[in-house]
Amino acid sequence: MKKKYLAVPYVVWMAVFVIVPLVLVLLYALGSRDGSFTLDNFRTMTQYWGVFASSFQLALIATAVCLLIGYPVSYWLSREGPGIKRIAMIAIMLPMWMNFLLRTYAWMSILENTGIINTVLGNLGFFELFNGVFGTNLKYFPMINTPGAVVLGMVYNYLPFMILPIYTVIDKIDPKVIEAAEDLGANSIQVFWKIIFPLSLPGVLSGVAMVFIPAVSTFAISKLLGGGMTMLLGDLIEMQFYGSAYNPYLGSAISLVMMVIVLICMTIINRFGEGEGEAMYF
Amino acid sequence: MSKELIRLTNVSMVFDENTVVLDNINLYFNDAEFLTLLGPSGCGKTTTLRIIGGFQKPTSGDVFFDGVRINDVPPYKRQINTVFQKYALFTHMNIYDNVAFGMRISKTPEADIRRRVDEALNMVNLSGFEKRSVNALSGGQQQRVAIARAIVNRPKVLLLDEPLGALDLKLRKEMQTELKKIQQQVGITFVYVTHDQEEALTMSDTIVVMNEGRIQQIGTPIDIYNEPKNAFVANFIGESNIISGVMERDYCVRFAGREFACTDKGFAAKEAVDIVVRPEDLMISEPANGQMVGKVDSVVFKGIFYEVMVESQDFRWKVQTTRAPQKGQLIGLSVDPDNIQVMHKR
């Protein structure tokens, strides 16, 4: 029995809050203050190409770091017993239940020049030692307001989104398939590279998508941990709507281009995972 | 010709300190033999197979391969391949790459791989399927890929863990014949695990009947069927009438209230025994001509024969006959001496 009417609330919701805004973004991107149709916004955008570049660069680095940390954790976790799995899952999810801004502010106080790390190192006499060895004159390690801090913030916030899909996929791999590979002569390294890794790719692709997309469009992390030193796309867009440079037309155009780029990236990623049926569009 | 290949001596398997899965298994099998481990689920047959394959280590006891102890040899170093119950094919590879997997691991030259994959796929009637994806195959086809993937490596022993369990009856029958043919063609040892007694009787050279972690009987299908060693085997293999009796002396056993001539000897005088009579070995006659008299309780048509339940004074006999008596009719039952199988009680 078809119960199409059950989908009505969502269809209405989607029309009002997804389709209409998208159309508005498109109209704004192609518009100007005087209401005429123009492509000027896209022309203006070219002067911000550095922001695009650094956004994608930092998001890519953060995604790569998440993958390098997340994959081994997921793999290890999938081999463990149910008790450890449950505890580890809670540990991984726990930070996500805390407010995002709060977490990021916490990192600020850790990384600041007079923050926890530098204070502890200073009290331990680490900088005297360091300066003595390297002939420098440091009173603290500059950590806050660097691209590194932004990447750290991204990794910290988005790592669970890498671990969860990879873990889910590896955990579902039939142990018999692994036994079959061992039975056919594969040692544990060969089993990993020829069986487990290829079978886990759909999870990797989902994880990459789920980390990369929020990372490339983030603005709070770069603002708080990057101190405005590294302007990212999210900050640039925000500025066009709330900042001094009020220009929703340009903001819409940048958003549109970013969406298109992300869509292209996702299509490419999904092309890799074709036939696996697990990769997602985000 | 029949050289001993694998031997298990005093193999026991205990889980969680007290769950005994295998209890002192002693077993050997020969080169090029089709051996079946038969028993109900939980009897330890799959565990035995996994110990031979190297996926589990016995709690105690030794496993020998060609005279060499292999307890600590990991699966990937054993000259043994396995066909898994649910095939365990590599879904991220096509059929060709699945079958070629073992040879690629062993760094066989690509030209040899191609030739042998062709041969193997030909043997299981899957030529032309090389480029197909695993998911595009039916259960029976996946099963045959699993067999090809294993035999292509020319193992000394092929282990098969209920490989036909997921197939429908008709396909299963076809694959039974097919498997037997393949085994004879490649001339290697097959160790086959099943709970299906008919499958075991059809394919095996030797059957090992197991129950509750112990070997109940080892023998050819004919031995196992005609001369079951105990009530469990008799009951598990085919339909049986199992009745208690007393061995009066050599060649004479008393049950159902009278003495019968039999072919068994060597029992203690007056030893209490179990007697097996197969339903197809009971002959129906006029009451006056039978060794026993009983009343027909039910008649069920089974296709090739009628299954008749006959109530005699102290036993309910199951009889298979091609001519149906009337329900409620009094009939005579008799049995030839060589169809009476006498077993020690246990």
Side-chain angles (χ1 to χ4, degrees), chain A residues 67 71 74-75 78-85 165-209 268-280, chain B residues 46 49-50 52-56 73-94 97-108 113 117 120 132-136 142 145-155 157-163 166:
Chain A
L67 184 59
Y71 197 99
S74 314
Y75 181 59
S78 68
R79 319 269 100 187
E80 287 298 329
I84 293 185
K85 276 180 182 168
I166 297 178
Y167 165 73
T168 311
V169 172
I170 297 183
D171 198 45
K172 271 195 301 193
I173 295 176
D174 183 357
K176 290 270 188 269
V177 171
I178 294 164
E179 283 186 358
E182 289 174 351
D183 183 75
L184 292 166
N187 61 32
S188 48
I189 295 168
Q190 288 165 322
V191 167
F192 179 79
W193 285 112
K194 287 176 188 288
I195 306 294
I196 296 173
F197 185 71
L199 284 175
S200 69
L201 270 182
V204 172
L205 297 181
S206 300
V208 165
I268 294 168
I269 286 179
N270 277 297
R271 188 59 55 80
F272 278 112
E274 208 140 84
E276 310 286 353
E278 298 255 3
M280 321 178 187
Chain B
T46 297
L49 196 80
R50 290 174 63 81
I52 298 169
F55 301 111
Q56 279 175 355
V73 178
Y76 68 89
K77 286 188 182 158
R78 298 190 181 195
Q79 284 175 297
I80 295 173
N81 284 124
T82 308
V83 176
F84 291 86
Q85 195 168 10
K86 284 181 186 127
Y87 324 137
L89 297 177
F90 307 132
T91 48
H92 59 296
M93 300 178 187
N94 64 24
D97 292 337
N98 262 279
V99 179
F101 186 86
M103 289 186 288
R104 293 215 169 115
I105 294 286
S106 64
K107 306 241 175 354
T108 310
I113 293 181
V117 171
R132 301 265 188 109
S133 117
V134 168
N135 299 318
Q142 292 192 18
V145 174
I147 293 165
R149 184 179 70 176
I151 56 172
V152 78
N153 303 295
R154 299 175 183 159
V157 179
L158 187 67
L159 307 179
L160 302 104
D161 186 5
E162 307 219 14

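Convention: sequence-line order gives letters A, B, ...; per-chain numbering from 1.
At a 4.5 Å heavy-atom cutoff, the contact between A/Q190 and chain B is made by side-chain atoms alone. Of the atoms belonging to B/M103, not a single heavy atom falls under 4.5 Å from chain A. Contacts of B/R149 with chain A are made by both backbone and side-chain atoms, with heavy-atom separations under 4.5 Å. With a 4.5 Å cut-off on non-hydrogen atoms, B/T82 touches chain A through its backbone and its side chain both. Contact of B/L89 with chain A is made through the backbone alone, with heavy-atom distances under 4.5 Å.
Shortest non-hydrogen contact noted between A/A186 and B/Y76 is O-CB, 3.4 Å. Of all heavy-atom pairs spanning B/A88 and A/A180, the tightest one is O-CB, 3.8 Å.
Between the side chain of B/H92 and the backbone N or O of A/K194 there is at least one donor-acceptor pair closer than 3.5 Å.
Considering CD of A/E179 and CG of B/D161, their distance stands at 10.0 Å, rounded to 0.5 Å. Rounding to the nearest 0.5 Å gives a distance of 11.5 Å between CZ of B/R78 and CD of A/E182. To the nearest 0.5 angstrom, A/I178 atom CD1 is 11.5 Å from B/F55 atom CZ.
Checked against B/T91 for a side-chain contact (heavy atoms from CB on, under 4.5 Å), the options A/L199, A/D174, A/V177 give a single hit: A/L199. Of the options B/V152, B/I105, B/N153, a side-chain contact (heavy atoms from CB on, under 4.5 Å) to A/L184 is made by B/N153 and by none of the others.
Remark: B/K86 NZ is loosely packed, at most 12 non-hydrogen atoms of other residues, nucleotides or ligands lying under 6.0 Å away.
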